[in-house]
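Everything on this sheet refers to the single structure shown next.
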Amino acid sequence: MSEKNSCKKGKCRKVLGWILTTLCVIIVALLVVVSIVINRIDPIVKYGLEEYGPKLLGAPVTVQKVDFSLLKMRFELKDLVVGNPEGYNTDNAISVGRVFVKVRVKSLFTKMIEVNQILVEAPEITYEVGLGNSNIGTLLENVEKATASDKEEEEKPEEEVDDGDGRKVVIDEVKVSDGKIRLSAKILQGLAAPVPLPTITLHDIGKEKEGASFVEATGEMLKGIFTGVIDCGKSALSAIGDGAKKVGEAIGDGAKKVGEAIGDGASKAVDSLKNIFGGDKK
């Protein structure tokens with residue numbers, strides 16, 4: 001009796017071992033397949049950013065590398081740079097060392113891609129004021145035109161619409177943190193005043209419509225970010241303008257009283273601005 005029991009136990013162990021081995025092989029195989037698919041997606045994401053980004057923004061877009069972490073289930077965009085539209089002189093509009101995009105991986109194989117979070121970490125933004133507009137304002141206008149055109153395309157009869165693979169996207173959260181705006185304007189008289197950008201957070205992009213097109217979702221995200229940057233930039237320039245005016249008035253009064261030369265007064269004005277705003281000469 002004991003021999004039969006031990007034999008049964010031995011067979012059970014063998015069966016259990018075979019089942020566990022089979023499951024391990026299946027899991028490893030699935031991970032390999034997912035890894036291969038993700039590795040193919042990385043260059044597609046990079047190509048999409050550099051190919052369609054300029055069409056949306058009206059400015060060059062480059063990204064050094066796109067990586068996917070299977071452990072953290074997120075993409076990492078390294079060294080993303082958005083250049084300036086035509087007519088602006090600074091090197092670029094936006095430079096970001098890292099952008100993290102956390103996705104629900106299984107949704108990559110469906111018609112509805114679910115993005116849990118897009119985290120833009122410590123962007124450096126140059127806010128250049130031109131004739132009647134700014135570089136960020138021009139980028140915003142370009143995005144609005146592109147999204148309006150995309151909306152018109154969606155409203156056409158179905159037989160006239162070329163919607164590619166018809167995939168939609170939903171974004172739970174977009175967060176821009178630890179950003180800095182570098183102001184560039186004549187009012188600064190050659191000074192570059194770095195201004196901290198308050199955290200910008202957007203929620204539920206595309207959820208109201210049960211998914212948005214990639215152009216629409218990206219447009220909504222960029223509009224929110226650019227609007228926040230413009231508000232911050234305008235406030236900072238206004239404060240600097242008021243400060244510069246007060247410094248100028250004070251120096252002007254002092255010059256009248258003590259007979260200082262105009263050149264000395266101008267030099268002190270620049271020194272005063274540097275002390276007030278912590279700027280550096282370009």
> Between L197 and C232, which heavy-atom pair has the shortest distance, and what is it?
Replying inline: CD1-CB, 4.0 Å
> Are V61 and V215 linked, directly or through other ILVMFWY residues, by side chains that come within less than 4.5 angstrom of each other?
Replying inline: yes
> From K111 NZ over to R167 CZ, what is the distance, rounded to the nearest 0.5 angstrom?
Replying inline: 7.5 Å
> Does a sphere of radius 6.0 Å around CD in E51 hold more than 12 heavy atoms from other residues, nucleotides or ligands, not counting ones at 6.0 Å or beyond?
Replying inline: yes
> Is there a side-chain contact between M221 and I118 (heavy atoms, below 4.5 Å)?
Replying inline: yes
> Under a 4.5 Å side-chain heavy-atom rule over Ile, Leu, Val, Met, Phe, Trp and Tyr, are V96 and L119 clustered together?
Replying inline: no
> So do V176 and T199 actually touch side chain to side chain, heavy atoms under 4.5 Å?
Replying inline: no
>> Atom NZ of residue position K175 - does it have more than 12 heavy atoms of other residues, nucleotides or ligands inside 6.0 Å?
In response: no
>> Apply side-chain contact (heavy atoms from CB on, under 4.5 Å) to residues K223 and L140 and explain how you reach the verdict.
In response: CA-CA 6 Å; K223 285 178 192 176; L140 177 59; 3.8 Å; yes
> Is the shortest heavy-atom distance from the side chain of D67 to the side chain of F75 under 4.5 Å?
Replying inline: no
> Any side-chain heavy atom of Y52 within less than 4.5 Å of one from T218?
Replying inline: no
> Does F68 reach the side chain of R74, with side-chain heavy atoms less than 4.5 Å apart?
Replying inline: no
>> Give me the atom names and distance for the closest heavy-atom approach of V170 to G206.
In response: CG2-O, 4.0 Å
>> Rounded at 0.5 Å granularity, tell me how far CG in N89 sits from CG in N135.
In response: 10.5 Å
> Is the backbone of V63 close enough, under 3.5 Å, to the side chain of E50 for a donor and an acceptor to pair up by distance?
Replying inline: yes
> Is it the case that one hydrophobic cluster holds both I136 and L202, taking links as side-chain heavy atoms less than 4.5 Å apart, direct or via other members?
Replying inline: yes
>> Using 0.5 Å steps for rounding, measure from the CD atom of E121 to the CG atom of L80.
In response: 13.0 Å
>> Taking atom NZ as the centre, does K207 end up with more than 12 heavy-atom neighbours from other residues, nucleotides or ligands that are less than 6.0 angstrom away?
In response: yes
>> What's the separation between atom CZ in F100 and atom CG in L77, rounded to the nearest 0.5 Å?
In response: 9.5 Å
> Would you say E128's side chain and T90's backbone share a donor-acceptor pair under 3.5 angstrom?
Replying inline: yes
> Do the side chains of R182 and E124 get nearer than 4.5 Å, heavy atoms only?
Replying inline: no
>> As a quick check of understanding, evaluate side-chain hydrogen bond (donor to acceptor under 3.5 Å, both in side chains) for E216 and T147, giving each step before the final call.
In response: CA-CA 6 Å; E216 186 179 12; T147 51; over 6 Å; no
> If two hydrophobic side chains count as joined below 4.5 Å and joins carry through other members, does L222 share a cluster with V81?
Replying inline: no
>> Would you say V101 ends up clustered with Y47 if hydrophobic residues are merged whenever their side chains have heavy atoms under 4.5 Å apart, either directly or through other cluster members?
In response: no
>> Testing the basics here: between Y88 and S134, what is the closest heavy-atom pair and its distance to 0.1 Å?
In response: OH-O, 3.0 Å
> Just how far is it from atom CZ of R98 to atom NZ of K78, taken to the nearest 0.5 Å?
Replying inline: 8.5 Å
> Looking at side-chain heavy atoms only, is the closest gap between T126 and D91 below 4.5 Å?
Replying inline: no
> Can you name the closest pair of heavy atoms from N133 and G137 and give their distance?
Replying inline: OD1-CA, 3.5 Å
>> Salt bridge check, E141 against K145: does any charged N sit closer than 4.0 Å to a carboxylate O?
In response: no
> If you draw a 6.0 Å radius around NZ in K180, do more than 12 non-hydrogen atoms from other residues or ligands fall strictly inside?
Replying inline: no
> So, for A93 and L139, which heavy atoms are closest and what is the spacing to 0.1 Å?
Replying inline: CB-CD1, 3.8 Å
> Nearest 0.5 Å, what's the OG1-CD distance between T138 and E86?
Replying inline: 11.0 Å
> So do L57 and V82 actually touch side chain to side chain, heavy atoms under 4.5 Å?
Replying inline: yes
> What's the shortest heavy-atom distance between G83 and A59, and which atoms?
Replying inline: O-CB, 3.4 Å
